[in-house]
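First the structure, in the form of structure tokens, and then the observations on it.
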2 protein chains.
Amino acid sequence: MAKKSEQIIKNLSTDSVIFGFDNSELKVLLIKLAVEPQKGEWALPGSNILTDENLDVAAKRVLKELTGLDNVYMEQLYTFGDVLRFPLFRVVTVAYFALVKIEDYQPEPGPKASDAKWFPIKKLPKLPFDHIEIINYALKRLKQRVRIRPIGFELLPMKFTLSQLQNLYETIMDVEMDKRNFRKKIIGMNLLIPLEKQKGVPHRAAKLYRFDKRKYDSLKEKGFNFEI
Amino acid sequence: MAKKSEQIIKNLSTDSVIFGFDNSELKVLLIKLAVEPQKGEWALPGSNILTDENLDVAAKRVLKELTGLDNVYMEQLYTFGDVLRFPLFRVVTVAYFALVKIEDYQPEPGPKASDAKWFPIKKLPKLPFDHIEIINYALKRLKQRVRIRPIGFELLPMKFTLSQLQNLYETIMDVEMDKRNFRKKIIGMNLLIPLEKQKGVPHRAAKLYRFDKRKYDSLKEKGFNFEI
DNA sequence: TTTACTTAGTGTATTAATTACAATATATAC
DNA sequence: GTATATATTGTAATTAATACACTAAGTAAA
């Protein structure tokens with residue numbers, strides 16, 4: 001019998017939409033389920049919630065078990081609870097969305113999944129339950145968030161070029177932007193620290209930047225605006 | 001024994017933050033609990049979720065039972081699930097927030113509450129559990145929503161003056177606005193239908209307006225922006 | 001070493017949106 | 001008819017957003 005600290009709440013789970021960006025496409029991390037009745041199907045990583053475990057702790061635990069990553073951007077998304085969303089019995093799931101630096105993590109399946117893989121958001125496999133609905137909702141939220149808060153950096157490597165950043169925004173928001181205007185705006189926010197130049201590229205080397213989280217936190221407190 | 005359709009999920013509840021506006025103050029509807037152990041305390045209206053009941057249906061049911069109102073603006077807010085939020089055992093609550101036209105409803109307690117009352121948001125009584133946290137979160141959300149989507153109308157009578165509307169915005173967002181600029185912007189949105197004049201006021205009578213929901217829905221589809 | 005190729009980097013003029021600001025109009029009450 | 005209270009309206013100044021094209025710097029190939 002499981003010890004007390006491992007008792008699960010039968011009717012409650014968490015599922016996470018984990019986004020990554022590989023410089024050309026937005027991707028979602030899915031796992032291949034290892035247990036019946038959905039064995040073999042790709043699905044969102046998720047888990048039941050333990051009786052003595054906070055919701056966000058559960059979501060972070062799943063991410064950690066699956067990817068070995070912690071300290072990633074994560075926020076609660078929405079709670080999906082349709083009576084029929086899970087076919088066997090009633091399960092309400094608290095969905096989270098996470099942003100990870102894709103190059104920090106090349107998937108290796110955890111113990112509960114037989115495989116884990118990044119899928120382009122535009123080429124998702126068939127998903128069980130309401131997982132596609134959850135992903136669509138997460139994507140909508142990501143688009144909103146990225147427009148009003150500088151969270152895009154969470155998807156890029158620590159050091160990135162302005163072109164990479166623009167490319168990220170264009171991909172997520174599905175628009176084209178003017179290079180000069182984009183740079184004007186981003187630089188004007190004063191959240192980037194210029195670093196050395198790129199090396200080993202077969203053309204003019206771009207300057208690298210990193211996100212100034214410290215300054216962001218202090219500006220945020222003062223009620224600044226970060227709309228793109 | 002309860003029939004099957006009335007089985008509750010022990011670990012899951014819903015709580016609603018119901019906002020009203022009485023032309024000078026923002027208010028929240030609270031109920032006085034009628035059962036131990038919190039008997040006599042004011043709290044957010046809430047209920048367990050039934051096994052065969054969707055989350056939003058549960059939230060609407062509670063509102064209906066409490067106020068007799070349906071067809072009110074309601075959206076899921078956030079899910080609060082701290083292990084210790086409820087002292088007796090683990091209860092995760094899916095919080096909703098609702099906007100009601102305060103004059104449509106003067107509180108009468110439902111069967112499960114010994115009293116129901118509007119409280120000014122700035123003069124709330126002591127609340128049990130994490131209810132104050134939920135209200136603060138709802139207020140934050142309301143401020144965001146009102147800025148980017150025309151939902152303020154949900155808090156006003158069907159017919160309202162521009163001064164009332166401005167007053168509402170000023171109260172919620174806690175800023176002062178210029179009358180001419182406010183009117184310019186609101187009228188420019190083309191979401192108001194002008195009606196007849198006010199009657200029986202001891203000064204120049206203002207023109208009444210109503211919200212054009214039909215036009216709003218069609219503009220929304222076209223991706224319009226409604227920032228104030 | 002020259003040329004082709006590729007991406008990086010930069011400024012200005014135009015237009016649109018936001019802000020600041022004050023006098024006149026209309027209703028009732030006394 | 002005078003006092004009182006709120007409603008209504010426009011314009012100029014400032015700021016923000018947009019549109020737009022050429023030069024620079026690096027590697028690769030001829």
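A note on names: the letters A, B, ... follow the listed sequences, proteins ahead of strands, and every chain is numbered from 1. Being a predicted model, the structure only gives us computed values, none of them experimental.
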task = Among D/dA5, D/dC20, C/dA8, find the nucleotide with the atom closest to the side chain of B/His203.
result = D/dA5

Nucleotide C/dT7, atom P - distance to CG of A/Leu162 in whole Å = 16 Å

key: Donor-acceptor pair present, B/Arg204 side chain and C/dA27 base, under 3.5 Å   = no

key: Sugar-phosphate, base or nothing in reach of B/Lys185, heavy atoms under 4.0 Å   = sugar-phosphate

query = Of the candidate nucleotides C/dA27, C/dA29, C/dA8, which contains the atom at the shortest distance from the side chain of B/Lys197?
reply = C/dA27

task = Taking only Lys NZ, Arg NE, NH1 and NH2, and the carboxylate oxygens of Asp or Glu, determine whether B/Glu227 and B/Arg149 approach each other closer than 4.0 Å.
result = no

request  = Could you please name the option among C/dT19, C/dA8, C/dT10 that lies closest to any side-chain atom of B/Asn181?
outcome  = C/dT19

message = Between the base of D/dT9 and the side chain of B/Lys184, is one N or O donor paired with an acceptor at under 3.5 angstrom?
response = no

key: Inter- and intrachain pairs under salt bridge (Lys or Arg N to Asp or Glu O under 4.0 Å), touching residues 197-213 of chain B, at least two apart   = B/Lys213-B/Asp217

key: A/Lys179 (side chain) and C/dG9 (base): donor-acceptor pair under 3.5 Å   = yes

remark   = Rounded to whole Å, the CD-C1' distance (A/Gln164 to C/dA8) equals 13 Å

ask   = To the nearest angstrom, how far is B/Gln198 atom CD from C/dT28 atom C1'?
value = 13 Å

A/Lys140: side chain to side chain donor-acceptor pair (under 3.5 Å) partners, not counting sequence neighbours = none

query = Do NZ/NE/NH1/NH2 and the carboxylate oxygens of B/Glu75 and B/Arg141 come within less than 4.0 Å?
reply = yes

